[in-house]
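Chain A is the first sequence line, chain B the second, and so forth, proteins listed ahead of strands; every chain is numbered from 1. Keep in mind that the numbers below use all heavy atoms, side chains included, and drop hydrogens, waters and symmetry copies.
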Amino acid sequence: MSWAQGILLARGLSRGWGGICSTALTGVPFSQGPPQAPRGLHCSTAAHNPDSSLVPRPPEPPRGPVKALAPHVELFRQAPDGVRDKASFVQAVQNFTQYNVHKRGHVDFIYLALRKMREYGVERDLAVYNLLLDIFPKEVFRPRNIFHSIFLHYPRQQECGIAVLEQMENHGVMPNKETEFLLIQIFGRKSHPMLKFVRMKLWFTRFKNIDPFPISRDLPQDPVDLASLALRHMEPDLSARVTVYQMPLSKDSRDATDPTEPHIIGIQSPDQQAALAHHDPARPIFVEGPFSLWLRDKCVYYHILRADLLPPEEREVEEIPEEWNLYYPMQLDLAYGRSSWDDYEFNINEVEEGPVFAICMAGAHDQATLAKWIQGLQETNPALDRIPVVFRLSGSSGELLASSSGLEEPPLTPPEGQEEEENNQQRQQQSQS
Amino acid sequence: MALVHKLLNGTYILRKCLKPSVASCPFLGTRSADYCSSSLEKPAAAPGKASSQRKTEGNLEGHHQREVALDITSPEDKPEVSFDKAIKEEIKDHFRRLKNDIVNHWIGPEGRPLHEVLMEQAKVVWQFRGKEDLDKWIVTSDKAIGGRSEVFLKMGKSNRSALLYGTLSSEAPQDGESDRSGYCAMISKIPRGPFERKTFYDWSQFNTLYLRVRGDGRPWMVNIREDMDIIQRKDQMYSYFMFTRGGPYWQEVKIPFSKFFFSNRGRIRDAQYQLLLDKISSIGFTLADKVDGPFFLEIDFIGVFTDPAHTEEFAYENSPELSPRLFK
């Protein structure tokens, strides 16, 4: 008898100790405890100790650090073959509400879910955020009298609500009427999450369209489409034409960045074509690159075909006689000045660089690919046969090359038609950075 | 600079001087004065390399000096610098600037005749044509709080533009309290007058900020700080966004001053007021677009001008819901 009583006492005490320890560690109400807490005397796993002593056992060690730091992690754990997408995320959230009618530890669960959103790819989904806000019990946290509203009523829950809205703000998700209704239901109209919602509504609408060069959030996955979008983004001349010089091998199992057949897409405007036709064949033109361009969060690289600046004595200004076109003026001087003392010019000589004749994007950044681009350009610019082309390619770094004369040896002028590659000393300089 | 440094941070020099022997103290002290003055405001223009170079150079010279003191002193190794001379030159320089300041006051604001200043409609404030122009800027990144972004500033193509480049990393520092990180900034130094008095820029007759830049498609944020002489307003600034196009062409960015919104301690405030242009202290560019990777920004010059077509005073209204006290 005393043996059985001893066992019962020991089990009861260990259960009590375990419960108190887990409360202290997780800060969660005492009655929750670890989910595998012994429900009754039958199934206590940890208290199975053969020695029957009346002395209370020392507290059980916490079940691994995961348990102590993140309750409910097991709700997000799934079978190895499970795919992490919106459906499984919603399922995990619903599991929580299902098995936990009184929604104990909902604050921790919401923080955990906010952290896990990125893995499941739902961080920009407004419906999921509304679902998370739905976990809060309604009408409980609303202040009911003046004493509630003076002090921050239910501070942890309000902070949690603000955290949900802050993650929405970080990812640029605009809340809608459902969010507003949920926030009013949960926290009341004068609460901090509601204030934050009002601010989000205000500033998001103010800053929605301030980007003068907008790019949509879902970029095309196909590299050819992405390259043509990027080229159109860079070129301000709207009459420029995008030409695909080489398509990648897309039918094979290999991906599109196959080294033997990378895609080559170029853009050139009619003004640039005319300038290239007028270019003096005695001066070489250069293929420079690769330079980086960021579209939202994707980085692509492009090359340019440009010539050096002509020294001032060789620059000729084309004079168009006034009678060339009688229907409309060929030159318009649309200056701002309303009177003779208006002067809106800056007292500085701007940086001048040589003209750019064409831009291209290719899958590979080596000379062979770019030579193919030049060959493709020759079809529309026959003047390219006679102009020597020098390749100035650096390692793939993000900066524009500095072509100051002090730092590199001047390019040799090759005989006409030949192409020469030149390794730039800037490579060492850039590798330092 | 040496004078000011001696007055303000006397212990710093003492610390430097205590290490080598007393004989080489004046020499090393001068060296330390030289690079202490430039390191007062944390330049990171050539981080680590240049400053360590200078330090090793100083140490080497110090050792050399000590060895040489035992032997014959070769005249070409010991340049003619002395701490007192540097201080004297510094004092003379400051007094010269003070005299210029007083004399210029009679000619007109900042030494230019009044009619010229009043009629001016476009003014270049910062240009990048030489190394000394880079010294007017400070470059910071979130390394200051333990992050991993790097940023450097150097002269660009043939000394005609400045190139700000680096890598952004939004990995949060492991200090237990920050969960977001990743920013790089380039801030202009506060303009100083004689005796390092804080002065300010007066742009009250202009209404647009003009930048000639070439970026890589990333969005930047332009921050303007006002002169905070009287009240401790060091966390307040006015900001707006600058979107770069990317590509090989130079881009002109015109931002009217009426579009700048007010923020305090990094948060947009509910009560907004327009940026007052008569006491501007500094301007800065920040990149914090949460995308990891390398970036660059080439700047040709920064100017202000009057856009006659822009008549807006302030772009943001205050709402009674957010700031009820303004509407009582």
Side-chain angles (χ1 to χ4, degrees), chain A residues 115 170-171 195 198-199 202-203 206-207 210-215 230-231 233-236 288-289 291-300 302 304 306 336-338 341-353 356 359 397-407 429-430 432-433, chain B residues 49 119-124 127-129 150 152 154-161 163 165-167 180 210 212 214-219 240-241 243-251 259 261 268 270 289-296 298 300-301 303 305-309 315-316 319 321-322:
Chain A
R115 282 197 295 271
N170 276 346
H171 291 286
L195 262 183
V198 172
R199 282 182 198 125
L202 179 70
W203 291 105
R206 273 179 183 165
F207 292 145
I210 54 170
D211 192 348
F213 318 112
I215 302 181
L231 287 173
H233 180 79
M234 282 195 293
E235 179 64 57
E288 290 178 4
F291 307 121
S292 63
L293 171 77
W294 282 91
L295 297 166
R296 286 275 173 188
D297 52 349
K298 276 208 184 133
C299 186
V300 290
Y302 64 93
I304 55 178
R306 68 138 41 110
Y336 257 147
R338 290 163 294 186
W341 61 71
D342 268 338
D343 175 29
Y344 295 100
E345 303 293 325
F346 285 98
N347 191 11
I348 190 174
N349 294 326
E350 294 175 344
V351 164
E352 281 187 353
E353 290 173 359
V356 173
I359 316 177
S397 75
E399 318 160 23
L400 287 165
L401 292 172
S403 59
S404 57
S405 52
L407 290 166
Q429 192 185 2
Q430 280 149 11
Q432 280 175 9
S433 64
Chain B
K49 259 198 315 201
M119 303 288 276
E120 193 181 32
Q121 274 152 342
K123 178 169 156 189
V124 176
Q127 57 183 2
F128 297 96
R129 296 287 182 264
E150 299 175 327
F152 312 105
K154 70 171 192 198
M155 286 306 289
K157 276 197 187 195
S158 60
N159 274 3
R160 305 278 299 184
S161 56
L163 180 67
Y165 64 97
T167 320
R180 283 184 293 162
Y210 178 98
R212 190 154 190 263
R214 181 158 58 179
D216 54 349
R218 291 226 198 191
Y240 199 64
F241 306 100
F243 291 94
T244 51
R245 189 184 199 138
Y249 304 111
W250 282 97
Q251 183 190 355
K259 295 270 187 214
F261 56 86
I268 303 183
D270 294 333
D289 62 344
K290 306 173 207 149
V291 174
D292 297 344
F295 66 88
F296 71 89
E298 247 188 286
D300 181 14
F301 69 92
F305 78 106
T306 326
D307 191 350
Y316 309 111
S319 79
E321 205 178 327
L322 278 178

Less than 4.5 Å to any heavy atom of chain A: does that hold for the side chain of [X], its backbone, both, or neither?
X       : result
Y316(B) : both
K259(B) : neither
D270(B) : side chain
Q251(B) : side chain
R245(B) : both

Tell me if a side-chain donor or acceptor on D216(B) pairs with a main-chain N or O of F296(B) at a distance below 3.5 Å. yes
Is it true that a side-chain atom of R214(B) and a backbone atom of P248(B) form a donor plus acceptor pair closer than 3.5 Å? yes
Pair count under 4.5 Å, heavy atoms only, with chain A: among T244(B), L322(B), D289(B), D292(B), highest is L322(B)
Report, as yes or no, whether the 6.0 Å neighbourhood of atom CG on N347(A) holds more than 12 heavy atoms from other residues, nucleotides or ligands. no
Is it the backbone or the side chain of [X] that comes under 4.5 Å from a heavy atom of chain B, or both, or neither?
X       : result
L231(A) : neither
I359(A) : side chain
R296(A) : backbone
E345(A) : backbone

Just verifying a value: how many Å separate F295(B) CZ and W294(A) CH2, rounded to the nearest 0.5 Å? 11.0 Å
For chain B, find which of [options] contributes the most heavy-atom pairs closer than 4.5 angstrom.
options                            : value
V356(A), D297(A), L295(A), I348(A) : I348(A)
L195(A), N170(A), V198(A), L202(A) : N170(A)
R206(A), H233(A), R306(A)          : R206(A)

Run the side chain to side chain contact (heavy atoms under 4.5 Å, CB included) test against D211(A) and tell me which residues pass, sequence neighbours left out. F213(A), F243(B)
Partners meeting side chain to side chain contact (heavy atoms under 4.5 Å, CB included) with K298(A) (sequence neighbours left out): L219(A), Q221(A), L226(A)
Between L293(A) and G247(B), what is the shortest heavy-atom contact and its length? CD1-N, 4.1 Å
Taking every heavy atom of R212(B) against every heavy atom of W250(B), the minimum-distance pair comes out as NH2-CB, 3.5 Å
Quick check, are the ring centers of F207(A) and F261(B) under 6.0 angstrom apart? yes
